[in-house]
Amino acid sequence: QVQLVESGGGLVQAGGSLRLSCAASGRTFSNYAMGWFRQAPGKEREFVAGISGSGRNTGYGDSVKGRFTITRDNAKNTVYLQMNSLKPEDTAVYSCAGKRGTSYAGPGSRYDHWGQGTQVTVSS
């Protein structure tokens with residue numbers, strides 16, 4: 001069983017940056033593709049970014065391309081989401097997720113494990 005714990009959320013002004021972290025338990029972290037999702041009040045959950053088990057392959061949702069970067073450190077069992085040029089519309093609860101398998105998993109994939117989420121609020 002993989003447990004995921006996010007951190008790094010908070011309040012930031014528009015144009016600012018935040019880095020989210022997601023720490024995973026277990027010894028086989030590199031065998032999992034990882035992803036970040038977000039959900040704003042009254043909206044459906046949205047795919048933000050995904051990364052393969054090795055970290056070599058990544059993908060992003062259209063609304064964050066060029067602003068957000070997903071990376072992972074398999075030695076630390078951690079995946080990161082660097083968020084730059086934040087906008088008020090980026091305000092949401094951000095959750096990380098893990099999917100068994102090493103291949104990149106995009107927005108249509110079924111993820112097996114989910115964290116509790118961390119709130120990101122961007123003020124205008």
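Keep in mind that the numbers below use all heavy atoms, side chains included, and drop hydrogens, waters and symmetry copies. All residue numbers refer to positions in the sequence shown, counting from 1.
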### Query
Checking R67 against Y60: charged group under 6.0 Å from the ring centre and within 45 degrees of the axis?
no
### Minimal non-hydrogen separation, S17 against S85, with atom names
OG-N, 4.3 Å
### Task
Look only at the side chain of E6 and the backbone of Q116, and say whether a donor-acceptor pair between them is shorter than 3.5 Å.
yes
### Query
Are the side chain of T91 and the backbone N or O of E89 linked by a donor-acceptor pair below 3.5 Å?
no
### Minimum heavy-atom distance between S54 and R72, given as atom pair plus value
C-CD, 4.5 Å
#### Entry: Residue pairs, two or more places apart or on separate chains, that pass salt bridge (charged side-chain N to carboxylate O under 4.0 Å, His left out) and touch residues 91-108
R100-D112
#### Entry: Basic-acidic side-chain contact under 4.0 Å: D90, K87
no
### Task
Search all heavy atoms of H113 against all heavy atoms of L4 and return the closest pair with its distance.
O-CD1, 3.6 Å
### Task
Of all the heavy-atom pairs spanning L81 and W36, show the shortest one and how long it is.
CB-NE1, 3.6 Å
### Task
Heavy atoms only: give me the nearest L20-G9 pair and the separation to one decimal.
CD2-N, 3.6 Å
### Query
Are Q119 and Y94 close enough that some pair of their side-chain heavy atoms sits under 4.5 Å apart?
no
### Query
Below 4.5 Å, heavy atoms only, C-beta onward: do T121 and V12 meet side chain to side chain?
no
### Summary
Rounding to 0.5 Å, atoms CG (N74) and CZ (F29) come to a distance of 5.5 Å
### Task
Would you confirm whether S25, through its side chain, and Q3, through its main-chain N or O, come within 3.5 Å as a donor-acceptor pair?
yes
Could you go through residues 41-50 and list every donor-acceptor pair under 3.5 Å that involves a side-chain atom there, pairing it with any protein atom two or more places apart or in another chain?
residue	atom	partner	partner atom	Å
E46	OE1	R38	NE	2.8
E46	OE1	R38	NH2	3.3
E46	OE2	S63	OG	2.9

### Query
Between atom CG of L18 and atom CD of Q82, what is the distance when rounded to the nearest 0.5 Å?
8.5 Å
### Query
Are the side chains of T118 and V93 in touch, meaning some heavy atoms are under 4.5 Å apart?
no
### Query
Any link between F37 and M34 through a network of hydrophobic side chains (Ile, Leu, Val, Met, Phe, Trp, Tyr) touching at under 4.5 Å?
no
#### Entry: N/O donor-acceptor pair under 3.5 Å between S52 side chain and N57 backbone
yes
### Summary
Nearest heavy-atom contact between Y111 and A105 is OH-O, 2.6 Å
### Query
For the hydrophobic clusters of this structure (ILVMFWY residues joined by side-chain heavy atoms under 4.5 Å, transitively), does one cluster hold both V2 and V79?
yes
### Atom pair CG/OH of D73 and Y80 - distance to nearest 0.5 Å
5.0 Å
### Message
Would a single hydrophobic cluster contain both I70 and W114, if residues Ile, Leu, Val, Met, Phe, Trp and Tyr are joined by side-chain heavy-atom contacts under 4.5 Å?
### Response
no
